[in-house]
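Counting starts at 1 for both ligands and their atoms, in listed order.
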Amino acid sequence: MSVDLSTRYLGLPLAHPVVASASPLTGSVDSLKRLQDAGVAAVVLPSLFEEQIEHDEMATHNLMEYGAELSPEAQGFFPELQYTTGPDKYLQLVGSAKKALSVPVIASLNGYTPGGWTSIARQLQDAGADAIELNVYFLAASVGDTSAEVESRYVELVESVTRQVSVPVAVKVAPYFSAMANMAARLAKAGASGLVLFNRFLQPDILLEELEVAPHLVLSTSDELRLALRWIAILRGRIGVSLAATGGAHTPDDVLKLLLAGADCVMIASSLLAKGPAHVGTLVRGVEAWMTEREYSSVEQMKGSLSQQSCPDPDAFERANYMKALKSYASEFA
Ligand SMILES: Cc1cc2nc3c(=O)[nH]c(=O)nc-3n(C[C@H](O)[C@H](O)[C@H](O)COP(=O)(O)O)c2cc1C
């Protein structure tokens, strides 16, 4: 009996649940084609950042102001120039990716304020994006920021992007909310068709030799996946939007656990960067082999079968599990 690996994410049919998450590997058409040839079910392009859009708009505005002060003869030169406001290169990437690939292409916006920059979402849709992933990367570092204000800002941002487009919008967020489940429900109500759990905040490091603060990017390990696993299990069946897992999926077992918890798809970046596109095949074959052995007929049937609502011990996802884990820890020194 063959296993039906197909799944749906944001209403898009996927051949199986393994998706290439935003990373340098999804940043060129050649590399995207390699990922498709390796069997990936969909791709998320690297993010276009709010700062990039605003910077471009500001640069053009300054140039126009400068032009207005020049003599009419001098202004005659200006039509020769291409005033490319906005992220033209990114739009080109979306267009050429869409032409070159048959798998869904998800464009990614990364920002933190609900400003005019969000109108770019419409252009991404027009360039052919099948969906948009909105990565909200905001660190509430001001002591004046209240959680209520920060949460409203997320909601406004999601509303301001979803208003622009008819394609589905997934929101990629970090897990640092006091009330994650409520926030997830509010994001869904604001128009999100899916959530991508979770954004990894890259924590800066201190370099002792140089006495400098520096960014520190390390690839994930499988240990990280349990954060998404817990929240996907809790949210599955409760908010009625697609759920994608990102963070720490490296092996077929990792993918299976996230599907059992309730993920509609599993996004991978670190494992692709470390092992190359062929790793997609290893994951998909591994998932299929396990499901065959356990006599699951389809991913749809298996998805969420160990979510909090479906599993025999729902407390395991909450505080009870924490107490049990602490009490049962054994060390030769304790
Ligand atoms: C080098 C690198 C670049 C990334 N660029 C982006 C990006 O542009 N936008 C985004 O939303 N996530 C970006 N990510 C995050 C990944 O998409 C993914 O969510 C994260 O790495 C966790 O998944 P993983 O454990 O499979 O790596 C990047 C990750 C890495 C390692």
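Applying the salt bridge (Lys or Arg N to Asp or Glu O under 4.0 Å) criterion to K324, with sequence neighbours excluded, gives D313. Qualifying side chain to side chain contact (heavy atoms under 4.5 Å, CB included) partners for A192, counting only residues two or more places apart in sequence or in other chains: V158, V171. Partners of R153 according to the salt bridge (Lys or Arg N to Asp or Glu O under 4.0 Å) rule, which considers only residues two or more places apart in sequence or in another chain, do not exist here.
Within the 4.5 Å cutoff, side-chain heavy atoms of E224 are placed close to those of R200. Between W231 and F317, the closest side-chain pair of non-hydrogen atoms is not below 4.5 Å. Counting heavy atoms from C-beta outward, L109 and N135 have side chains that stay 4.5 Å or more apart.
Under 4.0 Å from any atom of ligand 1, one finds heavy atoms of residues S21, A22, S23, P24, P46, S47, N135, K172, R200, L217, L219, S220, T246, G247, G248, I268, A269, S270, L273.
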